[in-house]
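Side chains are part of it too, since the values below use all heavy atoms of this structure and drop only hydrogens, waters and symmetry mates. Just so it is clear: chains get the letters A, B, ... in the order the sequence lines come, proteins before strands, and each one is counted from 1.
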Amino acid sequence: GAVVSQHPSWVICKSGTSVKIECRSLDFQATTMFWYRQFPKQSLMLMATSNEGSKATYEQGVEKDKFLINHASLTLSTLTVTSAHPEDSSFYICSAGPPGLAGGHQETQYFGPGTRLLVL
Amino acid sequence: GQNIDQPTEMTATEGAIVQINCTYQTSGFNGLFWYQQHAGEAPTFLSYNVLDGLEEKGRFSSFLSRSKGYSYLLLKELQMKDSASYLCALSGGSYIPTFGRGTSLIVHP
């Protein structure tokens, strides 16, 4: 099946710093990638939809200036958590689907392994 | 909007059968996913139901009733490694799935 990678898998940072998380589709091109956040014992919450070559679409309540998303190529999307605070500590997961997911043909998403962020 | 409800936690015995239920309300429906998520890991795809009925895939089966807004995941011949969280996810009008809170399954010897 398709493979999606994330880097780093773990990051610990000081409050006020920025953290960049990369999401790569390794064996397919993804025009659309998705960023989720999951707190302990909670559901995956969609943060934003990352669109290659255009601006990301953010879900209600997600600050676009705090969570910067760049989808510069068909295989790479990045999420930058700016001025991180302890409440941003969470499990961040990206996913991507083969072409057709956003075009109306239902395909399964392939999830990256996740990035655990701890802000001190 | 969408609303998904599934039990928070279930326990079962190794070798047994367990059924995890998911009920939902939605204004648009494309399909329903089930994912398995082990602690600290990303979800892995288990099944996707579009039409009513039961779909079997090895030890795992998934059932859907669109008229009742109901699905279940059936796990047979439980193994210890099946201890995980099972997420019901609904694909509505936007095709982007909305996830339930997940059911934590504990399999004991």
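- Among Ala42(B), Ser85(B), Ala89(B), Ala39(B), the residue making the largest number of heavy-atom pairs under 4.5 Å with chain A is Ala42(B).
- Residue Gln6(A) does not touch chain B at all, counting heavy-atom pairs closer than 4.5 Å.
- Atom CZ of residue Phe45(B) and atom CZ of residue Phe111(A) lie 11.0 Å apart, to the nearest 0.5 angstrom.
- Of the atoms belonging to Thr49(A), it is side-chain heavy atoms, and not backbone ones, that fall under 4.5 Å from chain B.
- Annotation for Met10(B): atom CE counts as buried by contact number, over 12 foreign heavy atoms lying within 6.0 Å.
- Heavy-atom contacts from other residues, nucleotides or ligands closer than 6.0 Å to NZ of Lys64(A) number 12 or fewer.
- Nearest heavy-atom pair, Phe91(A) versus Gln37(B), reported as atom, atom and distance to 0.1 Å: CE2-NE2, 4.1 Å.
- Of the atoms belonging to Leu46(A), it is side-chain heavy atoms, and not backbone ones, that fall under 4.5 Å from chain B.
- For His85(A), the NE2 atom is densely surrounded, since the number of other residues' heavy atoms within 6.0 Å is greater than 12.
- For Glu77(B), the CD atom sits in a loose shell: 12 or fewer heavy atoms of surrounding residues, nucleotides or ligands are nearer than 6.0 Å.
- For the residue pair Arg116(A) and Gly40(B), the shortest heavy atom distance occurs at NH2-CA, 3.3 Å.
- Under a hydrophobic clustering in which Ile, Leu, Val, Met, Phe, Trp and Tyr are joined whenever their side-chain heavy atoms come within less than 4.5 Å, directly or via other members, Val18(B) and Leu64(B) fall into the same cluster.
- Tyr24(B) and Met45(A) are assigned to two separate hydrophobic clusters, defined by single-linkage of ILVMFWY side chains at heavy-atom distances under 4.5 Å.
- The closest side-chain heavy-atom distance from Pro43(B) to Ile93(A) is below 4.5 Å.
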